[in-house]
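What follows is a single structure, written as structure tokens, with notes after it.
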Amino acid sequence: MAKRKRQPHSANDQEIAEDKEVVAEEVVEEEHVTAGEVVEEEQDDDERSFEELGLEARLVRALSKKSIEKPTPIQRVAIPLILEGKDVVARAKTGSGKTLAYLLPVLQKLFADSPSKSNLAPAVFILVPTRELCQQVYSEVTSLIELCRVQLKVVQLRSTMSASDLRTSLAGLPDIVVSTPACVQTCLKNGTLQAKALQESLSVLVLDEADLLLSYGYEDDIKALTAYIPKRCQCLLMSATSRSVGVCCFFFFEVTNCYDLAWLALMPPLTRMLFSADVEKLKKLILHNPYILTLPEVGDVKDDIIPRNVQQFYISCSARDKLIHILALLKLELIQKKVLIFVNSIDTSFRLKLFFEQFGIKSAVLNAELPQNSRLHILEEFNAGLFDYLIATDDSQSAEEQNDKETHASKKKSKKHSKKLDAEFGVVRGIDFKNVYTVVNYDMPQTAPGYVHRIGRTGRAYNTGASVSLVSPEEMEIFEEIKSILGENDADDSKYIAPFPLLSKNAVESLRYRTEDVSRSITKLAVRESRAQDLRNEILNSEKLKAHFQDNPKDLDLLKHDKVLSKKEPAAHLRDVPEYLLDATTKEASKIVKLARAAMGNTGSTNRRGFKGKFKKSRDPLKTFSAEAPKRGRKGGMKRKGKNQDE
Ligand SMILES: Nc1ncnc2c1ncn2[C@@H]1O[C@H](COP(=O)(O)OP(=O)(O)OP(=O)(O)O)[C@@H](O)[C@H]1O
């Protein structure tokens, strides 16, 4: 059990502000108290179960049905505090289970005190930055409620809904609303949601992916909303750890008058907030004495930003040779499925899809241009294991940036496209891709946090995973930046991202002729046509999906997203790599990867619901194959960072 140490001191003391960053073995708990007192939690090896955290049997049974048996570190600390009614700011790495960390206690509170019959507005608002996240959180709450067999109503409000749809959704007086800040603001403005009723009813406000809420431009909406948040409302702020998180935390420290000077270094854009008059208003309204829960990587940005159960690799090659390398990785089965492949532009995603098709590899693309229904459906199909390779353009910004880089001739067309890109689209942040074993950076992300969030799509919760980044000479600069953020330096030989050990030069060269031949046939025109065709298909699908999902929300088989786009029939001989093209080393590596997959029960190519990826590290070739296996340079457990950490 946790030990509690109290150290009285003045809240205004700068040194003490630094003292407040207190790290326990697994989770830091920090309390900002107006009485000027710091509460320091020291966690022993905490193996408390969900019951021991105070969760009631119905919820524990529901979790068990979802094969969730033991809480993650952030859940262990957040759940009891939220049950006690505390305001909480939780920062933890991607995939650490933050959603359940707040959903479980919030639901339990609703089970215990069903919102008053006199309420005229929902009691719980969960605000997220994107529609995909909205859908994801909504599905999670709904499934928990169904499994617990309780009568609670949840609705999703989306900015694409008409005023009358919004009104209808709110008319049945839901208990929980999942939405974006902008949409709630719209409801308040058009009177669908009565401000007074909201003030009287609101008991819990959750800001999920909080840092992203600000970077998605919801700052004004959130500020406007604070006017309606009653003092007694419990506020929870969940965020992934990356540098940008600092922005949001500072925002709330500012709000709560709790300055932690350590954060100042991380947040240049904040001066404007410091002088904002609205901050004064917010100060009075949001977060009362919040507990700041932080996993240790926040104190030391280098440590454990990426979950330790994810092995990271890179392959250095020219931009042109990336096609050969990805073909080798997939076709020679050197990486484990499911695979999420990130690219920086929509055109590249279609080029890759067309290229894969010629080799008999089925894949689907996901990008901001597609209608929302289609995107959600693609995510669901991928999560259900209906196809193994998903090529994602990770956010609208990068797509637009990429569009800007395109040639003058294609620019006009690209502009047309970029106008249609959905500003609320977010593939990387927060989206829970199920059972992704490998993330491939076909294009390197443009920022280090972008890398962290892409890689965070694997190794979720207690699963294992791997990443392979294809790095061209032009991308070396960002690659070096990423490595230094992760903690690599020339002085010691610790490697966070190691050279990919399973692919020999011979194996690559043996595929060169075929790759170049196929690559030549995928012209710009072919890419453009297939992109347009896919969009047309998906718009049609989207309409069908809209109607269909109203009646059959669980039907996943109606429409296929991994269908062939190329007009040219794939040549039969390209489907398999003949024996004579394989070199001995790669063949051996491929065998080992297959054996490992079999050991993990990951043999079929599709529909592996419930695959857990729980296999021994020693059986994982990506972790054990190479004689020059990377030295991780990471500490065994989570790092303890106490007050004397700098000493
Ligand atoms: N205690 C647990 N045991 C096993 N799996 C869990 C547990 N808690 C959550 N999960 C699963 O882990 C996955 C990741 O959880 P979640 O999406 O909440 O992570 P997150 O911390 O919000 O990540 P991100 O910052 O990327 O949004 C989900 O599939 C979830 O069902």
Side-chain angles (χ1 to χ4, degrees), residues 26-27 46-53 55 59-60 62-79 90-106 126 128-130 132-144 147 206-213 236-242 244-245 248 293-295 297-298 304-307 309-310 338 340 379-380 382-385 394-395 426-436 439 449-465 609-614:
E26 283 193 320
V27 171
D46 192 346
E47 285 299 329
R48 279 177 298 165
S49 62
F50 281 114
E51 287 97 330
E52 286 166 316
L53 299 180
L55 282 188
L59 283 166
V60 178
L63 289 172
S64 189
K65 283 184 195 146
K66 287 169 165 278
S67 306
I68 294 180
E69 306 291 349
K70 77 173 182 174
T72 62
I74 194 71
Q75 291 164 356
R76 264 186 224 121
V77 185
I79 290 172
R91 296 172 286 172
K93 62 192 158 201
T94 60
S96 55
K98 292 186 289 294
T99 315
L100 287 179
Y102 70 81
L103 276 186
L104 294 168
V106 165
I126 300 171
V128 295
T130 65
E132 278 72 15
L133 267 171
C134 214
Q135 173 65 33
Q136 187 173 297
V137 173
Y138 172 79
S139 307
E140 191 73 60
V141 192
T142 319
S143 85
L144 282 170
L147 289 170
V206 183
L207 303 186
D208 198 358
E209 298 291 339
D211 57 314
L212 207 60
L213 283 171
L236 311 173
L237 197 152
M238 315 304 287
S239 196
T241 41
S242 74
S244 57
V245 176
C248 202
L293 311 179
T294 313
L295 283 166
E297 66 274 13
V298 168
D304 268 5
I305 292 178
I306 309 276
N309 40 346
V310 177
K338 296 187 293 191
L340 184 57
L379 279 172
E380 281 191 60
F382 185 61
N383 279 345
D394 55 358
D395 56 38
V427 159
V428 170
R429 284 294 305 268
I431 298 295
D432 188 25
F433 292 96
K434 303 273 186 210
N435 305 328
V436 168
V439 169
Y451 178 85
V452 171
H453 288 292
R454 282 182 178 187
I455 305 302
R457 297 316 98 196
T458 180
R460 317 265 302 157
Y462 291 108
N463 288 340
T464 49
R609 256 177 225 270
F611 154 61
K612 277 278 171 197
K614 283 181 188 159

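Quick caveat, the model's predicted, so the values are computed rather than measured. In what follows, every heavy atom counts, from backbone to side chain, and hydrogens, waters and symmetry copies are set aside. Nothing fancy with the numbering, it's 1 onward along the sequence. Both counts, for ligands and for their atoms, begin at 1 and track the order of listing.
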Any side-chain heavy-atom pair of [X] and [Y] under 4.5 Å:
{"X": "L103", "Y": "I126", "answer": "yes"}
{"X": "V439", "Y": "Y451", "answer": "no"}
{"X": "L379", "Y": "F433", "answer": "yes"}

Which bit of [X] is near ligand 1, meaning a heavy atom under 4.0 Å away: side chain, backbone, both or neither?
{"X": "Q75", "value": "side chain"}
{"X": "P71", "value": "backbone"}
{"X": "K434", "value": "side chain"}
{"X": "K66", "value": "neither"}

Does the N or O separation between [X] and ligand 1 drop below 3.5 Å for any pair?
{"X": "G95", "answer": "yes"}
{"X": "G97", "answer": "yes"}
{"X": "E140", "answer": "no"}
{"X": "Q136", "answer": "no"}
{"X": "E69", "answer": "no"}

Do side-chain atoms of [X] reach the backbone of [Y] as a donor and acceptor pair under 3.5 angstrom?
{"X": "S64", "Y": "V60", "value": "no"}
{"X": "T458", "Y": "V436", "value": "yes"}
{"X": "D208", "Y": "V128", "value": "no"}

For ligand 1, which atoms, with element, lie under 4.0 Å from some heavy atom of [X]?
{"X": "K70", "value": "1 (N), 2 (C), 3 (N)"}
{"X": "S96", "value": "19 (O), 20 (P), 21 (O)"}
{"X": "R457", "value": "26 (O)"}
{"X": "L100", "value": "8 (N), 9 (C)"}

Could you tell me whether K70 and E52 have a side-chain N and a carboxylate O separated by less than 4.0 Å? no

Best match, K98, E209, H453: closest heavy atom to atom 27 (O) of ligand 1: E209

Of the listed options T99, D208, L63, closest to atom 22 (O) of ligand 1 (non-hydrogen atoms): T99

With K338 as the cation and F382 as the aromatic partner, state whether NZ or CZ is under 6.0 Å from the six-membered ring centre and within 45° of the axis.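 Yes, K338 and F382 form such a contact.
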
Please tell me whether T72 and K98 have a donor and an acceptor in their side chains that are separated by less than 3.5 angstrom. no

Heavy atoms of L53 and Q75 approach each other most closely as CD1-O, 3.8 Å

